[in-house]
Amino acid sequence: MPDEETFDVTDAEREARLSPAAVAAGTSGLVPARTPGGEGRRSFRSDQVWSYFGPAFVASVAYIDPGNFSTNILGGSQFGYRLLWVLLWSNVMAILIQYLAAKLGIVTGLTLPQNCRKHFSRRASVGLWVCAEVSAVATDLAEFLGAALGLDLLIGPALLAHGISLTGGLFVSALIATVAVVAILALDLAGFQWLERGIMAFVGVIGLCYGFEVFLVHPDWHRAFVATILPTFDVHGAVALKGSVFAAVGMLGATVMPHVIYLHSALVQPRLSELEPTSKQARPGILRKYLRFELVDVFVAMNGAWLINSAMIVMAAVVMYKGPAFYPTIQDAFHTLGPLLGRGAAVVFAVALLCSGLSSSTVGVMAGQVIIEGFLQIKFPIFLRRFITVIPALIVIGIGSDPLKILNDSQVLLSFTLPAALIPLLLLTNKAGVMGEFRSALRMRVAGWAVAGIILALNAVLLVEMAMG
């Protein structure tokens with residue numbers, strides 16, 4: 001098979017075929033892209049892997065969302081460097097699951113919700129849709145509150161000085177965050193790659209912010225390296241052991257976010273429009289190339305998220321470590337960094353949180369649209385989805401509820417709904433009737449079910465622990 005396959009499609013035609021809603025929802029599938037007379041032909045850019053970067057970076061935002069901020073700060077302040085190994089294994093699992101989600105979308109030309117509707121019974125599809133909606137709403141609520149909290153850390157003192165209450169200041173921050181998320185979603189109007197680049201820019205800012213924080217705290221790199229490769233728990237007493245085990249369960253159990261499993265299968269759809277082969281015989285070769293490119297995308301993006309998460313723990317381990325009895329909040333981290341490392345360190349932390357909240361909230365809205373359009377086979381405007389899902393967050397803030405408690409409670413809901421995304425994904429990618437020759441190999445099937453078993457078992461342990469207080 002030659003190194004390059006040609007296709008009858010230009011960039012302008014590809015963008016014209018993909019409406020903003022179809023791009024964000026990934027419902028366009030494999031669209032014919034041939035021009036009259038064969039004009040405007042272009043080749044598969046097999047020498048430009050970087051041009052296929054994007055989908056995994058958008059999905060990776062879910063791994064550095066405000067919930068991760070809270071969990072990692074807690075783990076580092078309670079157990080120092082000790083739980084860095086949890087993030088390494090979490091990252092391995094994330095790479096596998098996100099690649100499978102992308103593979104399903106690439107091979108079938110359909111999103112995970114669309115595949116569920118096509119291959120499962122109507123009753124099963126309805127149940128999966130309900131679980132998916134719960135996970136999307138819970139995630140979007142938590143991530144939007146994280147964005148509002150990050151902005152409030154930056155402008156809250158000024159609002160308070162002008163007579164606005166703490167609740168009022170957070171509400172104002174939430175309204176500003178709403179406008180910001182809509183503006184990010186509007187990047188899609190210029191083409192799907194602009195939205196991807198915008199999200200990648202946010203990921204880059206978060207990475208730079210935590211690179212700056214790590215530079216300031218001067219960590220013990222030898223201890224950090226040992227803690228990363230050597231799984232251990234705190235054995236200094238029964239309380240410490242139990243606390244470190246449950247902290248690890250919380251970090252690992254929330255590894256795979258259900259909404260980005262649905263979303264990643266959709267994010268790969270727009271590029272499929274430029275990969276329509278001139279013959280059926282060429283198609284498997286094209287898909288193999290795209291899968292290789294997407295594997296690189298997943299590997300780079302997930303490892304980037306792993307480094308950022310590790311930097312969060314390292315920062316908390318150096319600046320805030322006080323033992324298992326310490327339960328800091330995100331605000332505690334902000335107010336601790338200022339006196340110890342200077343105002344700049346605190347501001348950089350808040351900027352990272354704000355970027356995390358805005359980007360992850362954007363991704364949450366996109367995932368919600370993929371879910372409702374895929375399961376119900378309807379068109380649903382993404383901006384309408386944003387305004388509908390922002391209402392619960394504004395109500396929560398307006399009545400004075402603790403946003404951090406809401407953020408933590410959302411993890412419980414995600415634990416319940418995770419099987420509804422993970423198990424269908426594994427069932428579909430393991431079926432020859434769905435994937436054809438791209439069905440997962442035996443080693444991949446074993447690895448996938450092993451990861452699912454570990455994640456689900458740890459989520460069950462976490463839920464039992466939470467139920468028992």
4.5 Å side-chain heavy-atom contact, Leu185 and Met366: yes
Pairwise distance CD(Gln98) to OH(Tyr63) - rounded to 0.5 angstrom: 3.5 Å
Smallest separation among heavy atoms of Asn72 and Ile313, with atom names: O-CG1, 3.6 Å
Distance-minimising heavy-atom pair for Phe349 and Leu337: CB-CD1, 3.6 Å
Could you pull out every donor-acceptor pair under 3.5 Å between side chains of residues 351-360 and any protein atom, sequence neighbours left out?
residue : atom : partner : partner atom : Å
Ser356  : OG   : Ile64   : O            : 2.6
Ser359  : OG   : Cys355  : O            : 2.7
Ser359  : OG   : Ser356  : O            : 3.2
Ser360  : OG   : Ser356  : O            : 2.6
Ser360  : OG   : Gly357  : O            : 3.3

Side-chain touch Leu100/Ile261, heavy atoms, less than 4.5 angstrom: no
Side-chain donor or acceptor of Glu196 paired with backbone N/O of Val58 under 3.5 Å: no
Spacing of Leu195 atom CG and Ile184 atom CD1 [to the nearest 0.5 Å]: 8.5 Å
Leu428 vs Phe120, side-chain contact (heavy atoms from CB on, under 4.5 Å): CA-CA, chis, key distance, verdict: CA-CA 10 Å; Leu428 291 166; Phe120 298 143; 4.1 Å; yes
Qualifying residues under side chain to side chain donor-acceptor pair (under 3.5 Å), relative to Thr336, sequence neighbours excluded: none
Under 3.5 Å donor-acceptor, Asp65 side chain and Asn68 backbone: yes
Gln369 side chain to Val365 backbone, donor-acceptor under 3.5 Å: no
Steps toward side-chain contact (heavy atoms from CB on, under 4.5 Å) verdict (Val318, Tyr81): CA-CA 9 Å; Val318 175; Tyr81 301 100; 3.3 Å; yes
Side-chain heavy-atom pair Pro424, Leu128 within 4.5 angstrom cut-off: yes
Distance, nearest 0.5 Å, that separates CG of Leu170 from CG of Leu175: 10.0 Å
For Phe202, all residues meeting ring pair (Phe, Tyr, Trp, His ring centres under 6.0 Å), sequence neighbours excluded: none
Heavy-atom donor-acceptor pair, Tyr262 side chain to Ala136 backbone, under 3.5 Å: no
Contacts of type salt bridge (charged side-chain N to carboxylate O under 4.0 Å, His left out), residue Glu213, not counting sequence neighbours: none
Salt bridge (Lys or Arg N to Asp or Glu O under 4.0 Å) contacts in which one or both residues fall within residues 84-102, not counting sequence neighbours: none
CD-CD distance between Glu373 and Gln114, expressed to the nearest 0.5 angstrom: 8.5 Å
CA sep, side-chain torsions, deciding dist, call: Leu83, Trp85, side-chain contact (heavy atoms from CB on, under 4.5 Å): CA-CA 5 Å; Leu83 298 181; Trp85 65 270; 4.1 Å; yes
Pro328 versus Ile73, closest heavy-atom pair with distance: CG-CG2, 4.2 Å
Side-chain donor or acceptor of Thr111 paired with backbone N/O of Ala266 under 3.5 Å: no
Side chains of Val214 and Trp221 in contact at under 4.5 Å (non-hydrogen atoms): yes
Distance-minimising heavy-atom pair for Leu426 and Ala452: CD1-CB, 3.6 Å
Sequence-distant partners of Trp129, side chain to side chain donor-acceptor pair (under 3.5 Å), two or more places apart: Glu133
Phe438 side chain near Arg288 side chain, heavy-atom distance below 4.5 Å: yes
Stepwise side-chain contact (heavy atoms from CB on, under 4.5 Å) check, Leu291 with Val107: CA-CA 9 Å; Leu291 287 171; Val107 173; 4.3 Å; yes
Minimal non-hydrogen separation, Trp194 against Leu187, with atom names: CB-O, 3.6 Å
Side-chain heavy-atom pair Asn303, Trp306 within 4.5 angstrom cut-off: yes
Check: Met315 and Leu216 side chains under 4.5 Å, non-hydrogen atoms: no
pair Leu104-His264: side-chain heavy atoms closer than 4.5 Å: no
Under 3.5 Å donor-acceptor, Ser440 side chain and Thr429 backbone: yes
Point-to-point distance, once rounded to the nearest 0.5 Å, from CD of Glu143 to CE of Met257: 5.5 Å
Heavy-atom donor-acceptor pair, Asp152 side chain to Ser173 backbone, under 3.5 Å: no
Between CD1 on residue Ile97 and CG on residue Leu422, distance to nearest 0.5 Å: 4.5 Å
Within the 6.0 Å centroid threshold, strictly below: Tyr210 and Phe69: yes
For Leu287 against Ile106, the heavy-atom pair lying closest together: CD2-O, 3.8 Å
